[in-house]
Amino acid sequence: MNLHLQYPPDLLGRAYLDMLATEAGAVARPLLRSGDPDDPIERLIDELAAKPASDARSSIRADLAAAAILVARAIESIQELTRELRRGSPVVSLAVLGAETVALVQRVLGTCAFGASATVLDERTFNDRHTRPVLLIARDGAANDHKAERGNGIVADALHARVPVFGVAPDPRRHLPRDLLRACDHHLSLGTLDVSAIALVIEAVTGRPPAAPIDEQLVRALEFSDLTLAIRADRDPDDCIARLKRTIATKSYFDHRGPSLEALPGYGSARDWGLNLVADLRDYKLGRLTWDCIEKGLLLVGPPGVGKTQFARALAKSANVALVATSVADWNASAYLSGTLAAIKSSFEQARRLAPCILFIDEIDGISNRATLASDYREYWTQIVNLLLEMLAGIEDRPGVVVIAATNHVEHIDPAVKRAGRLDLTIEIELPDIETLAQIFRFHLGEETLAGVDLMPAALVAAGKAGADVEAWVRRAKSRARRAGRDLTLDDLMLEIRSGRDVMPDTTRIVCAVHEAGHLVVGHALCVFDARMLAILDHGGATGIEISRANALTEVGIENYITALLAGRAAEEIVLGPSAVTAGSGIGEDCDFARATQAAIDLELRLGFGALGVMHFPKQITAILPQDIVMTRLIRQRLDRCMTRARDLITDNRRTVQAVADRLRAKGYLGRAAIDELLTAHPIRTTARDGAER
């Protein structure tokens with residue numbers, strides 16, 4: 001006989017609720033009767049009615065009522081299990097959602113499932129000297145001994161005594177004794193709350209069913225602890241629903257304050273991916289798109305402060321879905337491995353319950369790479385990595401859950417995490433460029449503050465910094481102006497950004513402008529690159545380029561590249577005179593001279609274009625060979641030829657160099673449009689290697 005089909009909905013759950021209410025001291029008031037005297041659930045109600053009650057005003061707690069309903073549903077789903085638990089000796093495991101649920105389920109089972117004659121014992125107190133003992137093992141995964149290898153002896157004793165054995169845990173395979181699962185007759189899972197369950201909880205606690213409708217979205221976000229905050233015996237049923245709505249509204253899952261993804265500047269390809277996902281999730285919720293068509297996993301890589309967490313929040317707001325935000329640090333907050341494993345599983349289960357939603361995992365590089373684990377920690381971390389991989393592999397089985405993980409150190413992540421079907425797409429969020437920094441300043445200032453003021457000077461001073469830095473500078477500058485009792489000025493902002501750094505002297509600024517103009521003109525003349533921007537920063541000049549790949553691997557193409565690198569020094573010599581030349585081209589390993597010299601060495605010793613012919617020397621040998629006087633002379637001759645060519649091009653295009661330098665000195669920044677405008681007004685003359693104009 002299939003009980004859950006034969007009788008009215010939640011009959012067993014209602015019986016459990018009445019039994020718990022009677023235990024709490026309330027007058028028993030059975031809600032449903034089937035009319036069948038042989039019905040085992042009817043007998044439960046008969047037993048309940050026979051118990052004395054002392055206080056009709058007593059009530060059970062809402063979270064306990066919810067646990068009773070879900071436990072009853074799980075048991076009722078197995079034919080004859082209600083009878084077996086009270087008269088037989090079944091072995092049952094029950095997987096629950098979250099460690100906090102274990103104690104509630106344990107109480108429900110102990111009071112309701114095994115009958116009045118049973119003595120319910122745990123793994124520490126079990127023995128077979130009682131009239132009808134029951135072994136109930138409830139483990140929340142937080143203790144160090146909540147492991148599969150612990151408790152098997154007690155399970156063997158209970159099996160030998162032919163008594164019911166019931167195990168409860170968030171993850172039975174990891175938390176319950178191994179032999180309990182091996183002997184299990186029934187593997188149950190605690191379901192999730194739905195509209196009918198919440199209505200029954202309210203009825204059980206207040207004594208009346210609610211009349212107001214219950215939103216399914218509301219129910220999906222509910223946790224057991226929320227029920228006790230909103231549902232109480234002294235409240236009207238409909239008021240309980242209203243309070244539940246207010247409780248859910250305070251949850252971080254649905255905290256959509258802050259900007260949407262559409263409003264955020266920057267983020268590059270990550271933003272494009274996110275906006276595509278927003279459209280896909282919209283179609284998925286409308287039934288126009290199946291889950292297998294949607295990107296389900298993303299690994300975000302970037303330095304601190306670029307806004308990886310803000311990206312996840314903005315994406316959730318744009319998609320109007322819940323955001324479950326966690327981190328490896330949160331998972332590792334437990335004192336024991338079992339608690340860490342339970343926290344990982346809980347994050348994924350929470351996301352599944354709230355689907356469609358985004359699960360954001362920060363600091364995922366905190367999960368160790370198994371290939372680099374020391375032997376002392378290998379077993380500990382291997383279990384954590386394996387569970388994470390198991391959860392990620394199950395993304396397909398969790399419709400509506402998009403997993404986004406973030407890291408500052410992608411090289412520390414176990415390769416299996418990035419395998420196909422897991423976090424198989426990696427997008428790097430780079431530090432914002434200067435134009436994006438200006439947009440970020442405007443975003444944090446708002447439209448009213450410094451309205452109409454060009455924020456490019458602030459962006460130039462802030463070059464190389466992240467959006468989080470911009471937010472902090474704006475906050476401090478506003479505070480400075482507020483304390484002074486005046487409106488914010490651009491100087492306030494510049495003062496915070498510079499933090500005491502000196503302003504570049506004007507003489508140095510002139511040199512920087514000419515230097516970058518030289519790179520631009522020669523680079524364009526030789527088709528080495530297209531310039532995206534020129535800038536004068538506090539620490540020097542910068543040219544943003546897109547290298548042309550057309551001739552990049554030929555000898556001529558590489559020499560053109562060397563010539564463009566040397567063009568900054570050549571422009572200083574030609575435009576400002578030899579006495580004004582600075583060391584700006586040759587400081588540090590990544591300077592113009594270092595890169596030009598390395599390219600010349602590669603031509604001679606590694607790429608087959610030198611006097612030694614088609615020979616390729618390893619990198620470590622090329623660091624020694626240039627010390628040979630003959631080889632040094634060959635490298636020097638190549639660099640000198642490129643330098644002469646750079647001087648010739650600067651001389652031929654001096655007016656263009658001067659025009660670009662003057663505009664750059666005045667503005668501090670030239671974008672692509674401004675560069676195109678200047679080169680249209682002052683066309684670049686190109687010169688072939690033999691000196692013929694073309």
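Reckoned from all heavy atoms, side chains included, excluding hydrogens, waters and symmetry mates.
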Subject >> Whether over 12 other heavy atoms sit under 6.0 Å from Arg246 CZ >> reply: yes

Subject >> Check: Arg178 side chain, Glu149 main-chain N or O, donor-acceptor pair, under 3.5 Å >> reply: no

Original post:
In terms of heavy-atom contacts, does CD of Glu216 have more than 12 from other residues, nucleotides or ligands at under 6.0 Å?
Top reply: no

Original post:
Is the CZ atom of Arg150 crowded by more than 12 outside heavy atoms at less than 6.0 Å?
Top reply: no

**OP:** State whether the side chain of Thr206 and the backbone N or O of Ile202 hold a donor-acceptor pair below 3.5 Å, judged by distance alone.
**Re:** yes

**OP:** Using side-chain contact (heavy atoms from CB on, under 4.5 Å) as the criterion, list what pairs up with Arg235, not counting sequence neighbours.
**Re:** Arg232, Asp239, Cys240, Arg243

Subject >> Backbone N/O of Trp273 and side chain of Asn276: donor-acceptor pair under 3.5 Å >> reply: no

Subject >> Whether Trp291 and Tyr284 hold their rings parallel, tilted or perpendicular, with breakpoints at 30° and 60° >> reply: tilted

Original post:
Is the NZ atom of Lys285 crowded by more than 12 outside heavy atoms at less than 6.0 Å?
Top reply: yes

Original post:
Considering the options Asn408, Asp362, Thr407, which one meets the side chain to side chain donor-acceptor pair (under 3.5 Å) requirement together with Lys308?
Top reply: Asn408

**OP:** Return yes if some donor-acceptor pair links the side-chain N/O of Thr111 with the main-chain N/O of Val108 below 3.5 Å, else return no.
**Re:** no

Subject >> NZ/Lys317: more than 12 non-hydrogen atoms of other groups inside 6.0 Å >> reply: yes

Subject >> Identified side chain to side chain donor-acceptor pair (under 3.5 Å) partner of Arg139 from the options Glu123, His146, His175 >> reply: Glu123

Original post:
Between Asp226 (side chain) and Glu223 (backbone), is there a donor-acceptor pair under 3.5 Å?
Top reply: yes

**OP:** Could you tell me whether Arg73 and Asp194 have a side-chain N and a carboxylate O separated by less than 4.0 Å?
**Re:** yes

Original post:
Has the side chain of Asn152 got a donor or acceptor atom that lies under 3.5 Å from a matching backbone atom of Asp179?
Top reply: yes

